[in-house]
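Notes to accompany the following structure.
Just so we're on the same page: letters track the sequence lines, and every chain starts at 1.
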Amino acid sequence: MKITTWNVNSLTARLQHVLDWLQANPVDVLCLQELKLTEDKFPLMELAAAGYAHCAVFGQKTYNGVALLSRQPLREVGRNIEGFQDESSRVIAATLDTPAGPLRLVNGYFVNGQAPGTEKFAYKMAWLDGLNRYLAAQLREHPRLVLVGDFNIAPEDRDSYDPEGLRETIHHSTPEREHFRRLLELGLVDGFRLFEQPEKSYTWWDYRMLGYQKNRGLRIDHVLVSQALRSAVQACSIDRTPRKWKQPSDHAPVTVDLALG
DNA sequence: ATGCCTTTTTCAAAAAGA
């Protein structure tokens with residue numbers, strides 16, 4: 001069972017890339033962030049024709065928006081963080097039945113936060129608090145859980161191209177990293193770090209300053225699996241291929257392979 | 001260096017991203 005997370009930076013602008021990527025990588029579930037479109041504009045027909053007939057969408061005009069694209073039916077769809085009032089469409093969750101039992105998928109577009117000390121950063125902290133409480137409850141209800149998405153946090157120095165120069169700036173700050181650590185304390189495991197990985201592995205590169213060409217990137221898109229799934233993880237990798245295509249998203253997709261019968 | 005690129009608003013210039 002392959003599950004991929006990808007911030008596409010507008011599904012309208014990136015639909016052809018998504019279709020091309022899925023044709024080459026027919027994963028079981030694709031979790032998208034930053035749709036930047038409302039549900040009525042979601043390309044259901046094109047994705048169904050590509051084999052993804054079961055989509056759970058939580059859209060928003062211009063900003064945010066998340067979706068789960070699945071080959072098999074999804075049930076118990078949840079939107080945003082229960083108990084946390086949010087104007088933005090940032091979380092979509094659903095359950096997928098597998099031969100090995102139900103699998104809970106939680107897909108998030110975490111708050112960017114702009115810069116420590118700003119109002120947006122305070123929103124990021126409050127949102128992460130809410131997410132932690134929500135996930136603790138989700139894990140009690142669904143022990144077999146995968147949390148994926150654009151976390152907008154580089155968890156460790158090795159997840160940044162310039163950890164010294166960017167120390168305590170956005171995505172690198174201690175309070176953000178503390179929140180990432182708190183997610184791990186819930187029993188979640190960073191799927192990418194279960195395996196030996198190339199040095200300087202990143203999932204996002206700035207469009208400006210030849211960021212990709214110079215590999216000035218950050219690893220901010222993650223796949224976290226619950227303890228119950230840890231032994232099922234077969235592989236986890238970043239695919240830089242679509243970042244090289246014309247007019248790409250600034251993020252690369254990350255795929256986890258789970259052995260689920 | 002309040003920059004650099006990209007997308008969306010909507011047709012010009014601003015906001016936001018990371």
| query | Using a cut-off of 4.0 Å on non-hydrogen atoms, how would the nucleic acid contact of Leu210(A) be classed: base, sugar-phosphate, or nothing? | reply |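 Contact class for Leu210(A): none.
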| query | How would you label the contact of His172(A) with the nucleic acid (heavy atoms, under 4.0 Å): base, sugar-phosphate, or nothing? | reply |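 Counting heavy atoms under 4.0 Å across all strands, no contact is made by His172(A).
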Mind checking side chain to side chain donor-acceptor pair (under 3.5 Å) for [X] and listing every partner two or more places apart, or none if nothing turns up?
X: Asp190(A); result: Arg219(A)
X: Glu164(A); result: Arg167(A)
X: Thr174(A); result: Glu168(A)
X: Thr62(A); result: none

With [X], which residues qualify under side-chain contact (heavy atoms from CB on, under 4.5 Å), at least two apart?
X: Leu19(A); value: Leu15(A), Gln16(A), Glu46(A), Leu47(A), Ala50(A)
X: Ser88(A); value: Gln60(A), Asn64(A), Asp86(A), Arg90(A), Tyr123(A)
X: Arg133(A); value: Asp129(A)

| Partners meeting salt bridge (Lys or Arg N to Asp or Glu O under 4.0 Å) with Arg208(A) (sequence neighbours left out) |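 Arg208(A): salt bridge (Lys or Arg N to Asp or Glu O under 4.0 Å) contacts with Asp206(A).
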| task | Give me the first and last nucleotide of DNA chain B, going 5' to 3', that has any atom under 4.0 Å from a heavy atom of chain A. | result | dC4(B) to dA18(B)
| Atom CD of Glu119(A) with >12 non-hydrogen neighbours under 6.0 angstrom | no
| Which residues in residues 153-164 of chain A have at least one heavy atom lying under 4.0 Å from any atom of DNA chain B? | none
| task | Specify the residues of residues 124-132 of chain A, ordered by number, for which at least one heavy atom lies under 4.0 angstrom from an atom of DNA chain B. | result | none
Please list, one pair per line, the donor and acceptor atoms closer than 3.5 Å that link side chains of residues 191-200 of chain A to other protein atoms, with sequence neighbours excluded.
unit_1	atom_1	unit_2	atom_2	d
Arg193(A)	NH2	Asp159(A)	OD1	2.6
Gln197(A)	NE2	Phe192(A)	O	2.9
Gln197(A)	NE2	Cys236(A)	O	2.9

